[in-house]
Number of protein chains: 2
Amino acid sequence: MNIGEASGRSGLPAKTIRYYEDIGLIRPDRSDNGYRDYGSDDVHKLRFLHRSRSLGFSVEECRQLLALYEDKSRASADVKDIAATKLIEIDRKIRELTELRHTLEHLVHACHGNERPDCPILEELSEG
Amino acid sequence: MNIGEASGRSGLPAKTIRYYEDIGLIRPDRSDNGYRDYGSDDVHKLRFLHRSRSLGFSVEECRQLLALYEDKSRASADVKDIAATKLIEIDRKIRELTELRHTLEHLVHACHGNERPDCPILEELSEG
DNA sequence: GCTTGACCTTCCAGTGACAGGAAGGTTCAT
DNA sequence: ATGAACCTTCCTGTCACTGGAAGGTCAAGC
């Protein structure tokens, strides 16, 4: 499929997809007319990139995560190390998002006065 | 406190803290010697910025979130709208991170063969 | 009192991760 | 065969920092 369809299916702008090729994250085929030609595995990777980028992982971290999927042997200890590190990071992010959610909810529903700047929510805010 | 201590307590580099001042996110006092002078509420905000930035919110979104804390009247409907939108976004992020965690765990523990590119995990990956 | 080193200041240039747009080739429907 | 909707490369701009130069401030030690 062409880049337009790959864009539609992955949610990433075509510009970004070309950029990801520039920096070596994906390597689509080329059709005879010179157009990029994406397969469904490419789209999988693009969707994955879309998600993990939006969750605060850097492109380099995404490259590592992608390497986990692409590692054929899957035996290497470094690969497992990377995965373990990422799992810890993900857990931290989940925890922080949960706290942020909590804080925000309180701010909207409970802390509706002028009791700041000593509002307990603002204190809670800085505990993470 | 000086910027160095504010940096230590918030986890943000001093450079970034100055940048956040440039773009109007925080407004620390100045000491007589011209040094920036941060209070504990400033540190709260900085920690908050640190967290929400690392969770994939843009600086402009962080500005909106900060506005929620700073809004004295807390009555405005737009403020509640922003908060509600952010809550939905946060829930989505939590869901996606949970899926990502799941996927990663499978990759490390279960899918340890060469059954790709048709590995079910890679398929699962693209469902989000 | 002077120096040394760790702070701090401003300013300017560079980077990472894109986004916009120009200039032009391809494909497809009418 | 002409126009619209794709695609290509290339070059520039933007956002959110990051590094470094050039210089002021401060506390400690000689």
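Proteins get letters first, then strands, A, B, ... in listed order; numbering begins at 1 in each. Being a predicted model, the structure only gives us computed values, none of them experimental.
In this model, the phosphate group of D:dA16 is not approached by any side-chain N or O of B:Thr16 to a distance below 4.0 Å at OP1 or OP2. Within the structure, every side-chain polar atom (N or O) of B:Arg36 is placed at least 4.0 Å from both OP1 and OP2 of C:dC8. Neither OP1 nor OP2 of D:dA16 sits under 4.0 Å from any side-chain N or O of B:Arg18. Between A:Asn33 and C:dT27 there is a side-chain polar atom (N or O) within less than 4.0 angstrom of OP1 or OP2.
Across the protein-nucleic acid pair, B:Asp32 atom CG and D:dG24 atom C1' stand 15 Å apart, rounded to whole Å. In this structure, B:Arg30 places its CZ atom 12 Å from P of C:dC8, rounding to the nearest Å. One atom, CD1 of B:Ile23, and another, P of D:dC17, lie 7 Å apart when rounded to the nearest Å. Following rounding to the nearest Å, B:Asn2 (CG) and D:dG24 (P) show an atom-to-atom distance of 18 Å. Atom P of nucleotide D:dC10 and atom CG of A:Asp22 are separated by 10 Å, given to the nearest angstrom. Atom OH of A:Tyr19 and atom P of D:dC15 are 17 Å apart (whole Å). Rounded to whole Å, atom C1' of D:dT8 lies 11 Å from atom CD of A:Glu21. B:Arg63 has its CZ atom 9 Å from the P atom of D:dA16, to the nearest Å.
At the heavy-atom level, A:Ile3 lies under 4.0 Å from the strands shown only through sugar-phosphate atoms. Residue contacts shown for A:Arg53 are limited to sugar-phosphate atoms, with no base heavy atom under 4.0 Å away.
Checked by atom type and distance alone, the side chain of B:Ser52 pairs as donor or acceptor with a backbone atom of B:Phe48 at under 3.5 Å. Of the possible donor and acceptor atoms, none in the side chain of B:Asn2 sits under 3.5 Å from a partner among the backbone N and O of B:Gly4.
At a cut-off of 3.5 angstrom, the base of C:dG25 holds at least one donor-acceptor pair with the side chain of A:Tyr35.
Ion pair B:Arg36/B:Glu21 flagged as a salt bridge, since at least one NZ, NE, NH1 or NH2 atom sits closer than 4.0 Å to an Asp/Glu carboxylate oxygen. A:Asp37 and A:Arg30 are not joined by a salt bridge, as no carboxylate oxygen comes within less than 4.0 angstrom of a charged side-chain nitrogen. Look at A:Glu96 and A:Lys93 and you find no salt bridge, because none of the NZ, NE, NH1 or NH2 atoms lies under 4.0 Å from a carboxylate O.
With distances taken from any side-chain atom of B:Tyr20 to the nucleotides C:dC18, D:dC17, C:dT9, the minimum falls on D:dC17. With distances taken from any side-chain atom of A:Lys15 to the nucleotides C:dA17, D:dC17, D:dC10, the minimum falls on D:dC10.
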